[in-house]
Amino acid sequence: MATSDALTALSLHPALPPELLRDLLALPGVGGDALARRTDLPRTLVDEVLTAPDHRYVIALARNPALSAADRRILAAHPGPWARTALAIHTESLPPDLLTRLLDDPDPQVRRCLAQRADLPAPARARLARDPDPEVRAKLAQWCTEAPEDVRRLLLTDPEPQVRGAACDVYFRRLPHPVPPADLWPALLADPATRAGVVAHLRPLALETAVALAADPDEKVRRAVAAHPELPPNLVEALARDEDPVVRAEVLVRQDAPEALRAEIHAYLTAGAALLRGDDLPAVLSDRDEDALMVAAGCELALVSLEFRIVEWVRDDPLPHVESPFPVFRRSAALGGAALPAGTVARLLDDEDQEVRLAAAESTPVLDAETTERLERRHRHSRKRPLRPADLHPFPPEVLRRFATDPDPRLRELAPRDPLLPPELAAALAADPEDDVRRAVARHPRLPLPPLLALLDDGAAHVAREAGRNTALPAAEVRRIVMEALRIRKPEGRE
């Protein structure tokens, strides 16, 4: 019988008769995603969910783009703040009366979510900038980066430090990052809550100010000044040996940093991070050397901050940096691949660092299948960046079919990208010992029905979900599977 995950996916299947949806969602373990995505919800089901005590279903319904304006108004008056919060986040457009109601919502969490919307009209932003809850004002400051200047000034001079800090930060939730008005710079520089965020905008950077910032006790301030292009050479040297490893990493990528200084910083960071990866960690922990452990963690954080960093001045003039000892420079140079000789691009495609190879593949308009296959065989999955070479340079069908029987499961995963994959190969992949391979083929339109039905009962939840989403499932099979599940698993007392 189909698993709960497969039944959840079947609740979204276009062949599922809408009249079965209510009973299907009542089964234990079946999620309510269908309430968020289906545009053919029966009226009786909508009415039932609008008054349901199960907040998961109410939230899912609030996300449905087909929900009527009248139903949204009902949700806006729902006693559960989570329903109104979902409405504030997910409603595609808010008519004036609904927006006014949410602006007046008594629960600050609703207004905090409302403050994150990109489509708020100026009067609504002005009102949220004066909201009694400081977290609402802080959310507005972080998310509405293109707010009118009067609203931005109000947030930059807010009585609460958390609001001022959000309005003048080193990181915002949306681009472009706002530039604070120049007449406020002195006050923002004097304020610990806004100092780090204003540093990047200071032009020119006075020597006395630079010295004070380089000695600031807040590492965020020192990180910001370490990246400032007008930093004097003596302060570059000083910050290269800062106690915070991320400050040192900022110096490493400066255009004016001496090569020897970069090498010193890189050696320090890699040696420190090695404590978290190698055999020295148990000794550090057993000695309870918390300082050493904190430094090691800081070095790891610094290297992570460089892992996907794009150094613009290197990308703009890549050739001098393609053989740099620092991966961050080679990666940035690889992104300028269009300006590089073919032989240089080939070297970058064979770099020891995976992200360098991927950057070179990303900036190369056309790559032959042989080179892409070589990249794929070396590539290892990264949760931080799931992009893989085959996403950039798709393989032709004949190569994908060859991959169907490859010893490497990562290559077998690619075979179902062939839309005309022979059914016998799809069936073999559906019986693969690797669940990621089975998942990749579970939605293939040419997968024969018997192995597809078997995948609905797969022990790996993500495989069963993918099988349930396969639109090649005949309508009669969808009905049969759901009816069987209802017969076997229907809760007691449910008619």
Side-chain angles (χ1 to χ4, degrees), residues 245-246 249 252-253 262-263 265-278 296-297 299-316 318-395 399-400 402-403 406-415 417 434-437 439-440:
V246 179
L252 187 148
V253 296
R262 289 196 186 107
I265 295 170
H266 191 260
Y268 171 83
L269 297 179
T270 51
L275 288 175
L276 294 181
R277 305 169 182 169
C299 290
E300 177 70 17
L301 177 63
L303 291 178
V304 169
S305 74
L306 296 175
E307 192 170 359
F308 305 114
R309 181 83 169 260
I310 299 173
V311 184
E312 293 183 6
W313 59 269
V314 173
R315 182 190 57 191
D316 295 341
L319 196 55
H321 309 283
V322 293
E323 294 188 8
S324 170
F326 314 117
V328 63
F329 284 178
R330 300 198 306 277
R331 192 178 311 117
S332 299
L335 289 172
L340 295 172
T344 300
V345 172
R347 288 202 305 275
L348 291 169
L349 288 168
D350 196 39
D351 196 273
E352 64 182 4
D353 186 282
Q354 175 165 293
E355 288 303 318
V356 175
R357 299 194 301 270
L358 202 56
E362 193 170 359
S363 64
T364 304
V366 179
L367 207 58
D368 62 87
E370 183 180 351
T371 302
T372 305
E373 180 176 343
R374 186 168 65 250
L375 291 172
E376 274 291 347
R377 291 192 181 280
R378 295 182 67 184
H379 190 81
R380 292 296 173 263
H381 176 69
S382 169
R383 290 184 178 179
K384 290 180 286 186
R385 195 181 187 209
L387 184 73
R388 57 190 294 178
D391 299 332
L392 300 167
H393 301 281
F395 289 103
V399 175
L400 293 173
R402 173 165 56 82
F403 287 165
D406 196 276
D408 187 345
R410 290 275 294 156
L411 275 294
R412 297 199 300 276
E413 278 181 54
L414 295 173
R417 296 191 180 193
E434 296 288 334
D435 54 21
D436 283 340
V437 177
R439 178 189 185 186

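- Summarising the geometry, atom CD belonging to Gln354 is positioned 7.0 Å from atom OG belonging to Ser382; distances are rounded to the nearest 0.5 Å.
- Just one of Arg388, Arg380, Arg385, Arg309 meets the salt bridge (charged side-chain N to carboxylate O under 4.0 Å, His left out) condition when paired with Glu355; it is Arg385.
- Side-chain atoms of Ser324 come within 3.5 Å of backbone N or O of Phe326 as a donor-acceptor pair.
- Counting heavy atoms from C-beta outward, Arg357 and Leu348 have side chains that stay 4.5 Å or more apart.
- The two residues Pro318 and Ala333 make their nearest non-hydrogen contact at CB-O, 3.4 Å.
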>> One pair to check against salt bridge (charged side-chain N to carboxylate O under 4.0 Å, His left out): Asp353 and Arg331. What are the steps and the verdict?
In response: CA-CA 9 Å; Asp353 186 282; Arg331 192 178 311 117; 3.7 Å; yes
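- The main-chain N or O of Ala390 is never found under 3.5 Å from a side-chain atom of His379 such that the two would form a donor-acceptor pair.
- Note that CD of Glu413 is 9.0 Å distant from CD of Glu376, once rounded to the nearest 0.5 Å.
- Salt bridge present: Glu323 and Arg347 bring a charged side-chain N and a carboxylate O closer than 4.0 Å.
- In terms of heavy atoms, Val253 sits closest to Trp313 at O-NE1, 3.0 Å.
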What pairs of donor and acceptor atoms, side-chain ones from residues 335-345 against any protein atom, are under 3.5 angstrom apart with sequence neighbours left out?
none

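- Ala415 approaches Leu400 most closely through the heavy-atom pair CB-O, 3.3 Å.
- A salt bridge links Asp350 with Arg378: at least one charged nitrogen is closer than 4.0 Å to a carboxylate oxygen.
- The two residues Ala369 and Phe395 have their closest heavy-atom pair at O-CE2, 3.5 Å.
- Residues Ala296 and Gly272 come closest through the heavy atom pair CB-O, 3.2 Å.
- With Arg412 contributing its side chain and Val437 its backbone, the two residues share no donor-acceptor pair below 3.5 Å.
- Separating the CG atom in Leu349 from the CG atom in Leu358 is a distance of 10.0 Å, to the nearest 0.5 Å.
- Counting heavy atoms from C-beta outward, Val314 and Val328 have side chains that stay 4.5 Å or more apart.
- Arg374 CZ to Leu367 CG: the interatomic distance, rounded to the nearest 0.5 Å, is 8.5 Å.
- For the pair Asp391 and Pro386, the tightest heavy-atom approach, listed with the atom from each and the gap, is OD2-O, 4.1 Å.
- Under 4.0 Å is where a charged nitrogen must lie from a carboxylate oxygen, and between Asp406 and Arg377 at least one such pair does.
- Rounded to the nearest 0.5 angstrom, Leu306 CG and Phe329 CZ are separated by 9.0 Å.
- Taking NE2 of His321 as the reference point, atom CZ of Arg315 lies at 12.5 Å (rounded to 0.5 Å).
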